[in-house]
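These numbers come from the heavy atoms of this one structure, side chains and all, not from hydrogens, waters or symmetry mates. First listed ligand is number 1; within each ligand, the first listed atom is number 1. For the single chain, residues carry numbers from 1 onward in sequence order. It should be emphasised that the depicted structure is a prediction, and the values quoted were computed from it without experimental measurement.
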Amino acid sequence: IRRIGVFTSGGDAPGMNACIRAVVRTAIAHDLEVVGIRRGYAGMIEGDFVEMDGRSVSNILQLGGTILKSARSKAFMTPEGRAKAAEQLRKAGIDALVAIGGDGTFRGAAVFYEEHHIPIVGCPGTIDNDLFGTDETIGFDTAMNTAIQNIDRIRDTADAHDRLFLVEVMGRDAGFIALNCGIGSGAEMVLIPETFTDIEEIKERILSLMSAQSRSSIVVVAEGDEHGGATQIAQDLREDPAFAKIDLRVCILGHTQRGGSPTARDRVLASRLGSAAVEALLQGHTNVMVGVVNGEIKLTPLKHVYSRKKTIDYELLKLTQLLG
Ligand code: ATP
């Protein structure tokens, strides 16, 4: 390997820049050249490349977003699009890749390797933490902290008016952010896709909470919750006469959770993983994702990353019920 291409793809996550920096600096330390591929697979197909040196990643460690930009590409889903991407990489002399992204990015990476045999190693970059093969993904800790800070603020206003707030957090089809934020913010209830709670039971629990406490209540709802998210649940509650006297509000935290400066934990994780990805390529690994499992760097085949399901910690779920 002489020249590595690095790119960010799919949903952006705080800490991606710290990861890019680690990839670039580790590669340079091994006398490799590094090319930044802008806008993920879309930029790969168009040949949107930028030469990177040690200085090009100065002062980015602390920035949210990604200096290489991220995108989704329909063209890369087709063999023709991927052939074009491979051609662009060959023209630019890129002989190995580091992909920073989520499960879609790794599905693309795996099929690309099968077809074009350009070695590729993935770094888990998504706020959702829904990737098998790593205890935490880059961006998850920052997103949780952002959500918790916002829920603290909502608590103040909820308390002042004795309101019931349904706060929706991100997480796609997984409840990692919701579960942890629920505990960290002292939410009275947490609704996540991994467990089903009947709407009647939700109503009963909220009513008993509101009457017992006669004060504010916060319910954290994961966006992937099967009742259809906070807006839909609120509608169901409002249609029930038992809720007529309850001052009910919905707050969707949305994209605030994606932005902002990465936490210390995400910076360290991203730095370790970016560096480990380059080392893995140099050791001849390909089609794997680098992760941290029980504190140690671990390589997991990409096909396991996207085909196996990472389970939530059911002890944490019990804790939300016990403490809320
Ligand atoms: P996040 O989970 O944060 O959204 P992601 O990496 O899962 O990140 P996706 O949009 O699902 O984001 O995937 C990124 C890109 O990967 C897609 O736009 C597409 O170009 C490519 N991709 C996804 N799935 C495949 C696939 N099955 N075959 C080829 N390319 C794919």
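- The main-chain N or O of D130 is never found under 3.5 Å from a side-chain atom of K310 such that the two would form a donor-acceptor pair.
- Taking atom 12 (O) of ligand 1 as the reference point, the nearest protein heavy-atom neighbour is R72 NH1, 3.0 Å.
- Polar contact with ligand 1: absent for D128 (N/O pair, distance under 3.5 Å).
- A donor-acceptor distance shorter than 3.5 angstrom exists from the side chain of R258 to the backbone of D12, with no hydrogens or angles considered.
- If you check which protein heavy atom lies closest to atom 30 (N) of ligand 1, you get G108 CA, 3.3 Å.
- D247 places no side-chain N or O within 3.5 Å of a backbone atom of R163 that could act as its donor or acceptor partner.
- With a 4.0 Å cut-off on non-hydrogen atoms, R172 touches ligand 1 through its side chain and not its backbone.
- Side-chain contact, T157 with R249: no donor N or O sits under 3.5 Å from an acceptor N or O.
- By the 3.5 Å distance cut-off applied to N or O atoms, R107 is not counted among the residues near ligand 1.
- For ligand 1, the polar-atom distance check finds an N/O of D103 within less than 3.5 Å of one of the ligand's N/O atoms.
- Proximity of a side-chain donor or acceptor of N287 to a complementary backbone N or O of Y113 within less than 3.5 Å is not detected.
- Taking a cut-off of under 4.0 Å to the non-hydrogen atoms of S9, the atoms of ligand 1 that pass are 14 (C), 15 (C).
- Scanning the protein for heavy atoms near atom 18 (O) of ligand 1, the closest one is S73 N, 2.8 Å.
- Annotation: Y41 is in aromatic contact with F7 [ring centroid separation under 6.0 Å].
- If you check which protein heavy atom lies closest to atom 6 (O) of ligand 1, you get T105 OG1, 2.5 Å.
- Looking only at atom types and distance, the side chain of N145 has no donor-acceptor partner in the side chain of Q149 under 3.5 Å away.
- Short contacts between ligand 1 and R82, defined as distances under 4.0 Å to a heavy atom of the residue, involve ligand atoms 29 (C).
- Nearest-residue assignment for atom 22 (N) of ligand 1 (options A109, P124, G104, A71; heavy-atom criterion): G104.
- Nearest protein neighbour of atom 31 (C) of ligand 1, counting heavy atoms only, is M77 SD, 3.2 Å.
- The contact set between ligand 1 and G102, taken as ligand atoms under 4.0 Å from a residue heavy atom, comprises 5 (P), 6 (O), 7 (O), 8 (O).
- Short contacts between ligand 1 and Y41, defined as distances under 4.0 Å to a heavy atom of the residue, involve ligand atoms 15 (C), 16 (O), 20 (O), 21 (C).
- In terms of heavy atoms, T286 sits closest to P119 at OG1-CA, 3.2 Å.
- One finds a salt bridge joining E51 and R3 here, because a Lys/Arg side-chain nitrogen approaches an Asp/Glu carboxylate oxygen to under 4.0 Å.
- Of all atoms in ligand 1, listed by their number and element, those nearer than 4.0 Å to a heavy atom of G11 are 1 (P), 3 (O), 4 (O), 8 (O).
- Among I67, T8, D266, the one residue that satisfies the side-chain contact (heavy atoms from CB on, under 4.5 Å) test with M16 is T8.
- Residue-ligand proximity, F76 to ligand 1, at heavy-atom distances under 4.0 Å covers atoms 20 (O), 29 (C), 30 (N).
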